[in-house]
Amino acid sequence: MTSLSLSADEARRIALRAQGFLGAPDRRGGVRGVLRHLGAVQLDTISVLARSHELIPYARLGAVGRDTVEQAYWTERHAFEYWSHAACILPIEEWPHFAFRRRANRVRGHRWHVLRDKDLSTRAVLDRLKSDGPLTSTELGGAKNGGEWFEWSETKIAVEWLLDTGEVVCGRRRGWKRVYDLPERAVPDALLHDDLDDRECVRRLVALAGRSLGVGTRADIADYHRLKGEQFDAVVADSGLVPVEVEGWSKPAWADPSALATAPRGRHRTTLLSPFDSLVWDRPRTERIFGFTHRLEAYVPKPKRIHGYFAMPLLAGGRLQGRVDPAREGRTLVARQLSLTSTKAAGPMAQALREAAEWVGCEDVRIDRASSPAEAAAVAAELAAL
């Protein structure tokens with residue numbers, strides 16, 4: 001069977017539409033629609049403009065209220081937190097499809113922390129949740145053991161182990177702390193089962209990843225939910241994805257049939273992206289599709305950083321056209337480090353900075369540093385004209 005051939009530009013546009021950046025945004029679906037469409041929204045502790053899970057719907061929908069974002073994720077049992085691409089918010093209807101991972105955790109028997117008395121510690125946690133309702137690890141007895149910051153208490157190890165195996169569920173966060181609950185309270189009855197075998201779970205996640213990406217290689221699609229290549233291989237023929245060849249891609253690829261049904265067209269979103277956005281979280285894919293190299297430098301020593309602590313790529317016209325490391329100082333949004341692929345991107349950068357500033361309640365935008373004086377001047381002039 002001959003594979004369908006796509007140009008590099010067609011693949012890029014398919015990927016943009018699949019990720020919600022090309023065409024009219026689904027405002028009726030709102031934040032919950034974005035979550036269902038993407039299949040996973042990555043969580044991270046870093047908060048600059050906002051936390052990453054807030055930046056994801058903002059990038060697609062515009063200035064949706066931050067309280068609205070949190071309410072959409074964490075109320076009415078619409079979502080749960082579990083291990084997907086990383087720690088992610090997942091649509092609650094996907095609970096049955098992570099049974100394979102819960103089973104694998106049970107077989108492994110422990111995470112990187114080992115409990116001194118697993119039966120006693122886990123029973124104590126379950127008893128507290130049963131009697132007192134949803135609780136954070138602090139409310140359960142404390143997350144730390146009094147030693148180094150990374151040393152968890154026995155209670156924290158126990159509740160995280162129970163989370164891994166599905167005996168407790170995180171259905172919301174409170175003050176950035178996980179709130180743990182019993183599955184029978186957190187998951188709707190119709191979804192509360194581990195009936196699906198491993199193959200069906202993985203097949204579903206491969207199909208979902210293909211839909212969320214539009215088109216991708218084996219590595220792209222497997223990485224979306226952190227599956228192994230062999231798991232992908234075992235189910236791709238039954239996933240519904242279609243083999244394609246993409247111009248300039250050295251590896252075979254697969255596409256979601258619905259992504260091939262109509263040509264991607266419509267309005268492009270201009271926005272700043274979280275480094276943890278699923279459009280760019282896979283760095284090799286980002287380089288292949290956009291010709292744009294991006295690395296998170298938050299954990300790089302400050303003197304060695306090139307683009308800054310939390311550099312956010314600029315998406316404009318369907319391409320990545322620069323990046324900026326933002327910070328907030330009172331009511332001012334500060335571009336601590338800014339760079340453009342061309343001074344022609346000055347207008348989109350100014351637009352994205354102004355929109356982001358207004359979203360987080362800032363009145364002014366200031367540029368501290370740029371890769372060149374010309375870039376700083378060009379963006380400053382565009383800001384002044386807005």
Side-chain angles (χ1 to χ4, degrees), residues 19-21 24-82 84-95 133-139 143 163 169-181 185-188 269-279 281 310 312 315 324 326-334 351-365:
Q19 281 284 301
F21 290 108
D26 180 13
R27 298 198 183 281
R28 288 179 300 175
V31 175
R32 288 173 180 167
V34 168
L35 175 61
R36 286 194 300 272
H37 190 75
L38 297 180
V41 169
Q42 186 172 341
L43 291 153
D44 193 78
T45 58
I46 297 172
S47 180
V48 179
L49 285 179
R51 293 198 190 274
S52 188
H53 67 285
E54 299 172 281
L55 292 168
I56 305 308
Y58 162 74
R60 290 155 178 82
L61 301 175
V64 58
R66 295 174 67 186
D67 286 343
T68 300
V69 172
E70 295 294 339
Q71 288 293 311
Y73 286 141
W74 302 127
T75 59
E76 300 174 349
R77 300 195 297 178
H78 278 279
F80 70 106
E81 180 184 337
Y82 197 61
S84 168
H85 185 79
C88 288
I89 303 171
L90 302 165
I92 194 65
E93 56 264 33
E94 301 309 327
W95 171 268
L135 298 169
T136 67
S137 56
T138 300
E139 292 165 340
L163 181 72
V169 179
C170 176
R172 61 189 171 103
R173 286 200 175 214
R174 186 195 311 141
W176 194 241
K177 294 179 179 179
R178 284 178 177 146
V179 179
Y180 305 95
D181 201 357
R185 291 196 297 241
V187 181
R269 179 91 172 104
T270 296
T271 190
L272 299 177
L273 299 172
S274 163
F276 304 111
D277 194 297
S278 49
L279 183 69
W281 66 20
F310 194 74
M312 300 179 67
L315 178 68
V324 62
R328 279 187 284 169
E329 293 181 4
R331 302 300 293 275
T332 300
L333 176 63
V334 181
Q351 177 187 336
L353 285 169
R354 179 63 68 190
E355 183 181 68
E358 292 174 355
W359 181 54
V360 296
C362 290
E363 298 173 349
D364 299 308
V365 178

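Source: prediction; values computed, not measured. Every heavy atom of this structure was used, including side-chain atoms; hydrogens, water molecules and symmetry mates were not.
Leu35 and Val41 get closest at one heavy-atom pair: CD1-CG2, 3.8 Å. Of all heavy-atom pairs spanning Leu163 and Cys170, the tightest one is CD1-N, 3.5 Å. Residues Ala59 and Leu272 come closest through the heavy atom pair CB-O, 4.1 Å. Closest of all the heavy-atom pairs between Arg60 and Ser278 is NH2-OG, 3.9 Å. Among all heavy-atom pairs drawn from Leu43 and Cys88, the shortest one is CD1-C, 4.1 Å. Of all the heavy atoms in Val69 and Glu54, the pair that sits closest is CG1-CA, 4.0 Å.
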* **Full working for side chain to side chain contact (heavy atoms under 4.5 Å, CB included) between Gln19 and Leu38** => CA-CA 7 Å; Gln19 281 284 301; Leu38 297 180; 3.6 Å; yes

* To do: Would you please test Val334 and Arg328 for side chain to side chain contact (heavy atoms under 4.5 Å, CB included) and show each step?
  => CA-CA 6 Å; Val334 181; Arg328 279 187 284 169; over 6 Å; no

* After noting the C-alpha distance and the side-chain angles of Leu90 and Trp95, does the key distance pass the side chain to side chain contact (heavy atoms under 4.5 Å, CB included) rule? -> CA-CA 8 Å; Leu90 302 165; Trp95 171 268; over 6 Å; no

* Step by step, work out the side chain to side chain contact (heavy atoms under 4.5 Å, CB included) result for Trp359 and Arg66. => CA-CA 9 Å; Trp359 181 54; Arg66 295 174 67 186; 3.6 Å; yes

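Using a 4.5 Å heavy-atom cutoff, the side chains of Val34 and Leu61 are in contact. Within the 4.5 Å cutoff, the side chain of Leu315 has heavy atoms near those of the Phe21 side chain. In this structure, the side chains of Arg331 and Asp364 stay at 4.5 Å or more apart for every pair of heavy atoms.
For Tyr180, the ring-ring contact (aromatic ring centres under 6.0 Å, His included) test picks out no residue, with sequence neighbours left out. Residues that satisfy the salt bridge (Lys or Arg N to Asp or Glu O under 4.0 Å) test with Glu81, not counting sequence neighbours, are Arg173, Arg178. Listed by chain and number, the residues in a ring-ring contact (aromatic ring centres under 6.0 Å, His included) with His85 are Trp281 (sequence neighbours excluded).
A donor atom on one side chain and an acceptor atom on the other are found under 3.5 Å apart for Lys177 and Thr138. Looking only at atom types and distance, the side chain of Glu355 has no donor-acceptor partner in the side chain of Thr271 under 3.5 Å away.
Here His53 and Trp176 bring their ring centres to under 6.0 angstrom of each other.
Here the straight-line distance linking atom CD of Glu94 with atom OH of Tyr82 works out to 14.0 Å at 0.5 Å rounding. In this structure, OH on Tyr58 lies 6.0 Å from CZ on Arg269, to the nearest 0.5 angstrom. Expressed to the nearest 0.5 Å, how far CZ of Phe310 lies from CD1 of Ile46 amounts to 5.5 Å. Atoms CG and OG, from Leu279 and Ser274 in turn, are 11.0 Å apart once rounded to the nearest 0.5 Å. Remark: Glu76 CD to Ile92 CD1 distance equals 12.5 Å, nearest 0.5 Å. Leu333 contributes atom CG, which lies 6.0 Å from atom CG of Leu49 (distance to the nearest 0.5 angstrom).
Looking at Trp74, its side chain never comes within 3.5 Å of a backbone N or O of Gly171 through a donor-acceptor pair. With Arg185 contributing its side chain and Asp181 its backbone, the two residues share no donor-acceptor pair below 3.5 Å. With hydrogens and angles ignored, the 3.5 Å screen pairs a side-chain donor or acceptor of Glu139 with a backbone N or O of Thr136.
Exactly one of Arg36, Gln71, Arg32 qualifies for a side chain to side chain donor-acceptor pair (under 3.5 Å) with His78. That residue is Arg32.
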